[in-house]
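Keep in mind the model is a prediction, meaning the values are calculated, not measured.
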Amino acid sequence: YEEAAIDRFEPNIHVVGIDLPAEARAFYRQMEKLAFAEIDEKTVITASTAAVVTMKLRQIAAGFIYDDGRKIVEVHRENIKATKRLLREFDSPTIIVYQFTHELEALKRAIPQGVVFDSDKEDDWNRGKIPVLFLHPRSGGHGLNLQFGGHHMIIYSASYSLEQMSQVVKRIDRQG
């Protein structure tokens with residue numbers, strides 16, 4: 001890859017709304033109001049604190065939730081469908097930012113050409129050899145230069161940390 005100086009542009013941010021299917025929306029509302037959700041007669045998910053409720057709501061919105069035994073329960077696939085739709089629209093390699101391990105596993109199944117980031121992958125990404133890079137904000141938030149491999153990023157699910165999210169976006173929004 002060539003590290004030639006180019007004009008710097010402000011990033012274009014597009015929010016893609018996802019409508020939860022009726023059943024997932026019902027689980028979401030039940031968790032939000034009652035701190036538990038009955039997924040089916042065998043699967044009831046409880047939350048002991050407001051922080052746990054918030055985390056469970058994030059999981060439901062993303063399509064998967066951990067039950068009380070730490071088993072992953074799929075609630076919907078709308079986020080996966082939207083991500084695949086966006087990838088078809090993009091004309092260059094794309095970074096997909098995820099939060100939860102179950103999201104990564106679902107993304108890997110849905111997008112088999114995707115590669116999980118580790119430090120050995122930085123050069124391949126910048127040379128355009130990786131079409132889709134799965135990146136967790138903690139592993140990709142600081143010290144990386146990923147601006148040469150592609151200019152699209154999908155935030156599949158965001159971190160609560162503004163600093164983490166700001167840093168991960170700056171991996172492709174960099175001078176040069």
Are [X] and [Y] joined in one hydrophobic group, where the rule is that I, L, V, M, F, W and Y side chains link up if heavy atoms are under 4.5 Å apart?
X: Met55; Y: Leu57; result: no
X: Val53; Y: Tyr28; result: yes
X: Tyr160; Y: Met31; result: no
X: Ile80; Y: Phe134; result: yes
X: Ile155; Y: Val116; result: no

Output the distance between atom [atom1] ([X]) and atom [atom2] ([Y]), rounded to the nearest 0.5 Å.
X: Phe36; Y: Thr46; atom1: CZ; atom2: OG1; value: 9.5 Å
X: Phe27; Y: Glu38; atom1: CZ; atom2: CD; value: 9.0 Å
X: Ile95; Y: Leu133; atom1: CD1; atom2: CG; value: 5.5 Å
X: Ile96; Y: Ile111; atom1: CD1; atom2: CD1; value: 4.0 Å
X: Leu20; Y: Arg29; atom1: CG; atom2: CZ; value: 9.0 Å
X: Asp124; Y: Ile130; atom1: CG; atom2: CD1; value: 5.0 Å

Subject >> Residue pairs, two or more places apart or on separate chains, that pass side-chain hydrogen bond (donor to acceptor under 3.5 Å, both in side chains) and touch residues 54-64 >> reply: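 Sorted pair list comes back empty.
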
Beyond-backbone contact of [X] with [Y], side-chain heavy atoms, under 4.5 angstrom:
X: Leu86; Y: Arg88; value: no
X: His76; Y: Asn79; value: yes
X: Val44; Y: Ile39; value: no
X: Val132; Y: Leu87; value: yes

Backbone N or O of [Y] within a donor-acceptor pair of the [X] side chain at under 3.5 Å?
X: Thr94; Y: Ser92; result: yes
X: Tyr156; Y: Leu104; result: no
X: Ser157; Y: Gln99; result: yes

**OP:** Applying side-chain contact (heavy atoms from CB on, under 4.5 Å), name anything that partners Asp67, two or more places apart in sequence or on another chain.
**Re:**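 Result, side-chain contact (heavy atoms from CB on, under 4.5 Å) vs Asp67: Thr43, Ile45, Lys71, Val73.
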
Original post:
In chain order, what residues pass the side-chain contact (heavy atoms from CB on, under 4.5 Å) check against Ser119, with sequence neighbours excluded?
Top reply: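 With neighbours one apart ignored, the set is empty.
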
**OP:** Sequence neighbours left out, what pairs pass ring pair (Phe, Tyr, Trp, His ring centres under 6.0 Å) with at least one residue falling in residues 77-116?
**Re:**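 Of all non-adjacent pairs touching residues 77-116, those that pass ring pair (Phe, Tyr, Trp, His ring centres under 6.0 Å) are Phe64-His102, Tyr66-His102, Phe90-His152, Tyr98-His136, Phe100-His102.
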
Subject >> Contact list for residues 74-86, test salt bridge (charged side-chain N to carboxylate O under 4.0 Å, His left out), sequence neighbours left out >> reply: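 Sorted pair list: Glu74-Arg77, Glu78-Lys81.
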
Original post:
Can you list every salt bridge (charged side-chain N to carboxylate O under 4.0 Å, His left out) pair that touches residues 93-110, not counting sequence neighbours?
Top reply: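 Sorted result for residues 93-110: Glu105-Lys108.
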
**OP:** Compare every heavy atom of Gly149 with every heavy atom of Pro93, then report the nearest pair and how far apart it is.
**Re:**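 Scanning both residues completely, I find the closest heavy atoms to be CG-O, 3.1 Å.
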
